[in-house]
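One structure is given here, and the rest of the page talks about it.
The figures here come from the full heavy-atom set of this structure, side chains too, leaving out hydrogens, waters and symmetry mates. Note that the numbering runs from 1 along the sequence shown for the chain.
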Amino acid sequence: MTGGDDRPDTPTPSPGRRRRNLHGRRRGRPLRRGLEALLDDLLPRLRVTLPTTGAPFKFEALFGPSTRELWLEIGFGAGEHLAWQAARHTDVGFLGAEVFVNGIASLLRRVAEADLDNVRIYQGDARDLLDALPENSVARVFILFPDPWPKPRHHKRRIVRRAVLDRLADLMIDGAELRLATDHPDYLPWILERATSHPAFEWLARGPADWRHRSAVWPATRYELKAIEAGRTPCYLRFRRRPRKAA
């Protein structure tokens, strides 16, 4: 590892935030030297540090003045989707949350190759980030192929749950879109049960094709292609944040 003595694999929570150990491994196979260099040189410039408890989080300061809205991806994997979206929406600020070091390095490579200046990274548990973001600030959220935690005793670790949906409902502006995807046959009904019953979200599907087929504005990822090759069927779910009731 090059110059990595001060770069933790397990991020330390910001002061006043308790650690939530809800993830699997945080590092995979050894990285090539170029990717390690990106972790040392580029990540510190893109990394988001959460404020101390009680301090306001101003995402506008992370991006340029021409940024019109904020999009969030929770668990961006290798970063293909996030980088694709960022390259096509240069007036949007993209905030990605991920704990897996190899995935972060992969996104950094894509950011560097495409010279993207509208991507920022939170290296840690996404729920800490959700706690810090201001309400009514996020215009789109992606949670694509999250860990299904298939064993029943691990279901409490699933990211799509009522408490997280409640928080997303607070953060998302009226009309904001929530995109979810899974290839796990048990996680799909879990997601649908919780998302469709939530009063803040409207499922946009009008027929089977709306969730069986990925749209042209929803790029494929390597994980998704491997799932298809393995015989698993991905499902693509789109929800809209309903308008808040007038006070």
Side-chain angles (χ1 to χ4, degrees), residues 3-23 26-27 38-77 79 82-83 85-86 89-101 103-105 107-108 111-112 116-143 146 157 159-174 176-178 200 241 244:
D5 292 342
D6 60 347
R7 189 182 64 234
D9 286 353
T10 303
T12 301
S14 301
R17 300 181 188 276
R18 61 185 179 87
R19 184 184 301 278
R20 293 188 277 197
N21 186 21
L22 298 171
H23 300 276
R26 295 177 180 267
R27 178 177 282 270
L38 288 173
L39 289 173
D40 289 328
D41 300 333
L42 182 56
L43 180 58
R45 294 183 303 197
L46 303 185
R47 183 191 284 123
V48 171
T49 301
L50 302 185
T52 58
T53 302
F57 183 95
K58 298 181 178 180
F59 74 85
E60 296 90 344
L62 299 175
F63 306 99
S66 61
T67 301
R68 63 179 174 87
E69 57 188 27
L70 175 67
W71 293 9
L72 170 67
E73 182 162 353
I74 297 175
F76 54 73
L82 195 153
Q85 295 285 2
H89 302 91
T90 56
D91 58 345
V92 173
F94 286 83
L95 185 52
E98 181 60 69
V99 299
F100 192 48
V101 174
I104 293 172
L107 174 61
L108 291 172
V111 168
L116 301 174
D117 62 0
N118 58 335
V119 174
R120 299 294 181 269
I121 298 171
Y122 176 67
Q123 185 182 7
D125 192 302
R127 279 163 292 192
D128 290 331
L129 177 61
L130 297 182
D131 288 346
L133 288 172
E135 295 185 2
N136 206 23
S137 65
V138 181
R140 189 166 296 181
V141 178
F142 307 95
I143 308 178
R157 300 186 178 189
I159 187 66
V160 182
R161 54 191 309 108
R162 181 58 186 247
V164 173
L165 292 173
D166 285 346
R167 183 56 184 161
L168 289 177
D170 291 338
L171 299 180
M172 296 171 67
I173 65 175
D174 291 355
E177 187 172 325
L178 170 62
R241 203 322 178 176
R244 290 165 172 80

Is there side-chain contact between [X] and [Y], with at least one heavy-atom pair below 4.5 Å?
| X | Y | value |
| --- | --- | --- |
| Arg140 | Leu70 | no |
| Leu108 | Ile121 | yes |
| Leu130 | Ile74 | yes |
| Val92 | Thr90 | no |
| Leu50 | Asp128 | yes |

Task: Non-neighbouring partners of Glu177 that pass side chain to side chain donor-acceptor pair (under 3.5 Å), sequence neighbours left out - done: Arg179, Arg238
Task: Residues that Asp41 engages under side chain to side chain donor-acceptor pair (under 3.5 Å), provided they are two or more places apart - done: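 Here no residue qualifies.
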- [ ] Return the orientation label for the His89 and Phe94 ring planes: parallel under 30°, perpendicular over 60°, tilted otherwise.
- [x] tilted
- [ ] Taking only Lys NZ, Arg NE, NH1 and NH2, and the carboxylate oxygens of Asp or Glu, determine whether Arg162 and Asp166 approach each other closer than 4.0 Å.
- [x]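 Yes.
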Would you please name every residue forming a side chain to side chain contact (heavy atoms under 4.5 Å, CB included) with [X], sequence neighbours left out?
| X | answer |
| --- | --- |
| Ala169 | His198, Ala200, Phe201, Arg241 |
| Ala105 | Leu31, Leu35, Leu39 |
| Asp117 | none |

State which residues pass salt bridge (charged side-chain N to carboxylate O under 4.0 Å, His left out) with [X]; sequence neighbours excluded, sorted by chain then number.
| X | value |
| --- | --- |
| Arg161 | none |
| Asp174 | Arg244 |
| Arg45 | none |

Open item on the list: Can you give me the closest heavy-atom contact between Leu38 and Ala112, atom names plus distance?
Closed with: CD2-CB, 4.3 Å
Task: With Phe76 via ring pair (Phe, Tyr, Trp, His ring centres under 6.0 Å) - residues at least two apart - done: none
